[in-house]
Engineer: 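Here it is, the structure, as structure tokens.
Note that these values count all heavy atoms, side chains included, but never hydrogens, waters or copies made by symmetry. Starting from 1, each residue takes its place in the sequence as its number. Being a predicted model, the structure only gives us computed values, none of them experimental.
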Amino acid sequence: MNKVSNLIVLLPLLTLPSCGKHHARVVAGDERCDTTDANTLMVCNDEGATFALKKTATGIMLEDFSKDGIHFLDSGQTPPLFEAKLRDIRSGNDVENNISVNAANGWQAVTISRNDNQTVIEFSHPDNNALPSSLVAKVVIANEGGALSWDLKMEGLGASHSVLDVQFPQLALKASGNDHYFIPYRFGKVIDNPGEVDLDYGENETGAFLPNDTN
């Protein structure tokens, strides 16, 4: 994902490391993570960042991302926590419109489990008949103290399907108006309030630049 438009970004661009296998712990007994709503999942790290995810009948929605009382999500946009496109190997057809899955809907079963090391959200039994009934998507969240690691696993694809494309994790941030972004390009650039400009991170290794940059 190279372009930031409407400030939809991947979580690792903020405070989170890239996906992988981790052994850490989930904060327990933290009032920031306490909720009386059985369908709300709270995930926190040791630095005060809190994520609230809402369980629905067919998926999971990210409802809040906050730290020290500041809420970062753009309420006007709610991209799914993950989106994945699958290919039917037998036909070689990408079928982007009817062979895709996301975290927000399209699942007959969603379960959440937690232990001392991690939180696991499991999506199973997809509604789409074009997908294998054995398909399972697992979001694994581990607290590493100052950061949260997010890992997505796609299982049960069988011999007929493969993963074509994945966007995970993703969320829409609102522009605070006082942010700064440093680009290590040429002598370097500092972009004030990057959420209000069409900042291009660069495609085909062309480097990051602004649309009005004559260089």
Engineer: Can you name the side-chain hydrogen bond (donor to acceptor under 3.5 Å, both in side chains) partners of N129, sequence neighbours left out?
Structural biologist: none
Engineer: With sequence neighbours left out, which residue pairs that include part of residues 99-110 fulfil the salt bridge (Lys or Arg N to Asp or Glu O under 4.0 Å) condition?
Structural biologist: none
Engineer: Working to the nearest 0.5 angstrom, can you tell me the gap between L131 CG and S100 OG?
Structural biologist: 7.5 Å
Engineer: List in chain and number order the residues that pass side-chain hydrogen bond (donor to acceptor under 3.5 Å, both in side chains) with D64, two or more places apart in sequence or in another chain; answer none if no residue qualifies.
Structural biologist: H71
Engineer: For T58, what residues pass the side-chain contact (heavy atoms from CB on, under 4.5 Å) criterion, not counting sequence neighbours?
Structural biologist: T56, N105
Engineer: Write out all pairs satisfying salt bridge (Lys or Arg N to Asp or Glu O under 4.0 Å) with one or both partners inside residues 120-130, taking only residues at least two apart or from two chains.
Structural biologist: E122-K138
Engineer: CG/L62 to CG/L171 distance, rounded to the nearest 0.5 angstrom?
Structural biologist: 6.0 Å
Engineer: What are the two closest non-hydrogen atoms of P80 and A103, and how far apart are they?
Structural biologist: CB-N, 4.1 Å
Engineer: S162: which residues meet the side-chain contact (heavy atoms from CB on, under 4.5 Å) condition with it, sequence neighbours left out?
Structural biologist: R87, I89
Engineer: So which pairs with a foot in residues 122-143 pass ring-ring contact (aromatic ring centres under 6.0 Å, His included), sequence neighbours left out?
Structural biologist: F82-F123, W107-F123
Engineer: Hey, could you give me the CG/NZ distance between D151 and K153, rounded to the nearest 0.5 Å?
Structural biologist: 5.5 Å
Engineer: I'd like to know if the side chain of K55 and the backbone of L41 have a donor-acceptor N/O pair within less than 3.5 Å.
Structural biologist: no
Engineer: So which atom in L152 and which in A137 form the shortest heavy-atom distance, rounded to 0.1 Å?
Structural biologist: CD1-CB, 4.4 Å
Engineer: What residues form a side-chain contact (heavy atoms from CB on, under 4.5 Å) with A84, not counting sequence neighbours?
Structural biologist: L86, V101, M154, V166
Engineer: Is it possible for you to say whether M61 and L173 belong to one hydrophobic cluster, with membership spreading through side-chain heavy-atom contacts below 4.5 Å?
Structural biologist: no
Engineer: Check which hydrophobic residues are tied to V140 through side-chain heavy-atom contacts below 4.5 Å, counting indirect links as well, and list them.
Structural biologist: V120
Engineer: Where do P132 and G156 come nearest, in terms of heavy atoms and distance?
Structural biologist: CG-O, 3.9 Å
Engineer: Could you report the tightest heavy-atom contact between Q108 and P126, atom names first, then the distance?
Structural biologist: NE2-O, 3.9 Å
Engineer: Once side-chain hydrogen bond (donor to acceptor under 3.5 Å, both in side chains) is applied, do any residues pair with E83, and if so which ones, sequence neighbours excluded?
Structural biologist: Q170
Engineer: Output the distance between atom CD1 (I60) and atom OG1 (T40), rounded to the nearest 0.5 Å.
Structural biologist: 9.0 Å
Engineer: Give the minimum heavy-atom separation between K67 and A49, together with the two atoms involved.
Structural biologist: CG-N, 4.0 Å
Engineer: Between W150 and F51, how do the two ring planes meet: parallel, tilted or perpendicular, split at 30° and 60°?
Structural biologist: perpendicular
Engineer: When you measure from the side chain of H161 to the backbone of A130, do you find a donor-acceptor pair of N or O atoms at a distance under 3.5 Å?
Structural biologist: yes
Engineer: I112 and V136: same hydrophobic cluster, using ILVMFWY side-chain contacts below 4.5 Å?
Structural biologist: no
Engineer: Any link between L53 and F72 through a network of hydrophobic side chains (Ile, Leu, Val, Met, Phe, Trp, Tyr) touching at under 4.5 Å?
Structural biologist: yes
Engineer: Can you tell me how far the CG atom of N39 sits from the NZ atom of K54, to the nearest 0.5 Å?
Structural biologist: 5.5 Å
Engineer: Under the rule for side-chain hydrogen bond (donor to acceptor under 3.5 Å, both in side chains), what residues qualify as partners of D192, not counting sequence neighbours?
Structural biologist: H180
Engineer: Report the C-alpha separation of L135 and L157 in whole Å, then their side-chain angles, then the decisive distance to 0.1 Å, and conclude whether the side chain to side chain contact (heavy atoms under 4.5 Å, CB included) test is met.
Structural biologist: CA-CA 5 Å; L135 177 65; L157 289 167; 3.6 Å; yes
Engineer: Nearest 0.5 angstrom please: I70 CD1 to K174 NZ, how far?
Structural biologist: 9.0 Å
